[in-house]
Amino acid sequence: MEHLPYLVTFARVVQAGSFVAGAQRLKLAPSVASKHISKLEEHLGARLLNRSTRKLSLTEAGTAFYEHAARIVEELDQSEHAVQRLQTEPSGRLKVSTLNSFANAVLAPLLPEFMRRHPKVVLEIVCNDRLVDLTEEGYDLALRITSAPAPHLVARKLADIRFQIYAAPAYLERNGTPTSTADLAKHRCLGYPATLGASVAWRFRHEGREVAAPIQPAFEINSVESLRLLAVSGEGLAVLPTYAVGNELRSGSLVAVMADYRGFSESTAYAVYLPNRYGSPKLRAFVEFLLEKLGPQPPWEATGAITPARARRAETA
């Protein structure tokens, strides 16, 4: 515990990107901040930072240590804010960035309840498919789907994101149901560029290993919403995130095929924000609301995915 102040200094310097900026946040002289980190490195027996006149960078040991240090500092901040702001009512404008598909399928249905709970919060939801700079563009929070959140941001896990092959029952009736990667070459595949990678192939995890399925995409479009609509229309097979097809699975307008082949690009939905923002009651209220609604099992995973066999039984019932 005697090295906790040094750990805090290290985390703040990394988050700020320099000794000077980190020291300013801690109200320390840069030389004192540098001495703290030197003592921490001496205690750990490992160099944590590569120092140069232009910038700082983490060593391998520093990267590993920072992941734990950032969580500890975040917990300290949360404990302090919990006491200081327990009675503060969330209010004001909250600017949030998110993906179009995630906003449409997941976020929009939840917003009315959040607004009823917190009528003094004005949400500004900006939908786009690019990474925004929270500081430069004035965002309080971003909802991101990634396997590697930026290390300088606090990342709160909301839900695991899976990918699966889906098709309309009418398409499968006309063209048959694929059961292996070899079958996919015979089918009309609807491509999303990010799922294809450098080669024209879909990649899956199957029985504990990675498999690649060469395909000839009918076309490619970088819109989850468009792929979903085209798949529902019977235009072909599409690899889609499970969160985007909950309603279609319930209605039977889409069914999952090759269910034992999981999309290789699976990742996680995170709420990410700057380390100094969790003290904001409006941000904290929104993050905790999302954690409540999306965890521990996200609602789209409880839809009871319809398989081709179930769809045929429903049609003949």
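All figures in this text were calculated on a predicted structure; none of them were measured in a lab.
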### Task
Begin with the C-alpha distance, continue with both residues' side-chain angles, and end with the deciding distance and a verdict on salt bridge (Lys or Arg N to Asp or Glu O under 4.0 Å) for E210 and R203.
CA-CA 7 Å; E210 179 185 353; R203 295 161 60 239; 2.8 Å; yes

### Task
I would like to know whether R262 and R162 meet side chain to side chain contact (heavy atoms under 4.5 Å, CB included); could you show each step before the answer?
CA-CA 7 Å; R262 301 277 292 270; R162 296 192 303 107; 2.5 Å; yes

### Query
Going through the checks in order, is the salt bridge (Lys or Arg N to Asp or Glu O under 4.0 Å) test met by E137 and R130?
CA-CA 13 Å; E137 300 180 56; R130 67 177 179 86; 2.7 Å; yes

### Task
Show your reasoning for whether salt bridge (Lys or Arg N to Asp or Glu O under 4.0 Å) applies to E113 and R117.
CA-CA 6 Å; E113 181 177 349; R117 291 191 193 183; 2.8 Å; yes

### Task
Kindly determine whether L184 and M258 satisfy side chain to side chain contact (heavy atoms under 4.5 Å, CB included), including the steps that lead there.
CA-CA 10 Å; L184 295 178; M258 293 173 57; 3.8 Å; yes

### Message
Show, in sequence, the C-alpha distance, side-chain angles and deciding distance for F65 and F10, and conclude whether the ring pair (Phe, Tyr, Trp, His ring centres under 6.0 Å) test is met.
### Response
CA-CA 10 Å; F65 187 74; F10 168 71; 5.6 Å; yes

### Task
Report the C-alpha separation of S267 and I145 in whole Å, then their side-chain angles, then the decisive distance to 0.1 Å, and conclude whether the side chain to side chain contact (heavy atoms under 4.5 Å, CB included) test is met.
CA-CA 6 Å; S267 50; I145 297 176; 3.1 Å; yes

### Message
Could you walk me through whether F204 and D260 satisfy the side chain to side chain contact (heavy atoms under 4.5 Å, CB included) test, starting with their C-alpha distance in whole Å, then the side-chain angles of each, then the deciding distance to 0.1 Å, before giving a yes or no?
### Response
CA-CA 9 Å; F204 302 96; D260 52 342; over 6 Å; no

### Message
Set out, in order, the CA-CA distance, both residues' side-chain angles and the distance that settles salt bridge (Lys or Arg N to Asp or Glu O under 4.0 Å) for D77 and R25, then state yes or no.
### Response
CA-CA 14 Å; D77 285 346; R25 289 185 57 185; 5.8 Å; no

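The pair R228-E225 counts as a salt bridge, with a side-chain nitrogen and a carboxylate oxygen less than 4.0 angstrom apart.
Using a 4.5 Å cut-off on side-chain heavy atoms (C-beta onward), F114 and V121 make contact. Residues L28 and H36 have side chains in contact (heavy-atom distance under 4.5 Å, counting atoms from C-beta outward). Looking at K35 and K39, their side chains come closer than 4.5 Å, going by heavy atoms from C-beta outward. Using a 4.5 Å heavy-atom threshold, the side chains of L291 and R156 count as touching. A heavy-atom distance below 4.5 Å is found between the side chains of I221 and L227. Side-chain contact between V126 and K95 is present, with at least one heavy-atom pair separated by less than 4.5 Å. No side-chain heavy atom of Y166 sits under 4.5 Å from any side-chain heavy atom of V255. Between C127 and L99, the closest side-chain pair of non-hydrogen atoms is not below 4.5 Å.
Y243 and S101 share a side-chain donor-acceptor pair at under 3.5 Å.
Tracing side-chain contacts under 4.5 Å through hydrophobic residues (I, L, V, M, F, W, Y), one never reaches V20 starting from V32; they form parts of separate clusters. L110 and M115 fall within a single hydrophobic cluster, where Ile, Leu, Val, Met, Phe, Trp and Tyr are joined by side-chain heavy atoms under 4.5 Å apart, directly or via other members. Residue L26 is not grouped with residue L274 when hydrophobic side chains (ILVMFWY) are merged at heavy-atom distances under 4.5 angstrom, including chains of intermediate members. Residues I72 and L153 fall into different hydrophobic clusters, defined by Ile, Leu, Val, Met, Phe, Trp and Tyr side chains chained together at heavy-atom separations under 4.5 Å. Residue L143 is grouped with residue I125 when hydrophobic side chains (ILVMFWY) are merged at heavy-atom distances under 4.5 angstrom, including chains of intermediate members.
Classification of the H206-Y261 ring pair by plane angle, with boundaries at 30° and 60°, yields parallel. Ring-plane geometry between F102 and W300 is classed as perpendicular, the angle between the planes exceeding 60 degrees on a 0 to 90 degree scale with a lower cut at 30. A parallel orientation is assigned to the rings of F289 and F286, their planes being inclined by less than 30° (bins at 30° and 60°).
Taking every heavy atom of both residues into account, L141 and V272 meet most closely at CD1-O, 3.4 Å. Taking all atoms of both residues into account, the shortest heavy-atom contact from T268 to I161 is C-CG1, 4.0 Å. Of all heavy-atom pairs spanning P149 and A155, the tightest one is CB-CB, 3.7 Å. Minimum heavy-atom separation, P169 to S253: CD-O, 3.5 Å. Minimum heavy-atom separation, P275 to V154: CA-CG2, 3.7 Å. A168 and V232 get closest at one heavy-atom pair: CB-O, 3.7 Å.
Taking CZ from R144 and CG from L158, the interatomic distance works out to 13.0 Å, rounded to the nearest 0.5 Å. Taken to the nearest 0.5 Å, the CG atom of L49 stands 9.5 Å off from the OG1 atom of T63. Taking OG1 of T98 as the reference point, atom CG of D129 lies at 9.0 Å (rounded to 0.5 Å). Remark: H187 NE2 to I165 CD1 distance equals 9.5 Å, nearest 0.5 Å. Between the CG atom in L107 and the NZ atom in K293 there is a gap of 13.0 Å [rounded to 0.5 Å]. Distance CG/L94 to CZ/R277: 10.0 Å, rounded to 0.5 Å.
With hydrogens and angles disregarded, no donor-acceptor distance shorter than 3.5 Å links the side chain of S34 to the backbone of P30. At least one donor-acceptor pair under 3.5 Å links the side chain of Y66 to the backbone N or O of P151. Looking at E41, its side chain does come within 3.5 Å of a backbone N or O of L48 through a donor-acceptor pair. Remark: side-chain polar atoms of S233 are not paired, donor with acceptor, to backbone N or O of E235 under 3.5 angstrom. Within the 3.5 Å criterion, the main-chain N or O of V257 finds a donor-acceptor partner in the side chain of Q164.
The ring of Y139 has its center no closer than 6.0 angstrom to the ring center of Y273.
Atom CD of E42 has 12 or fewer heavy atoms from other residues, nucleotides or ligands within 6.0 Å.
Just one residue in the list L123, D140, V122 forms a side-chain contact (heavy atoms from CB on, under 4.5 Å) with R93, and that residue is V122.
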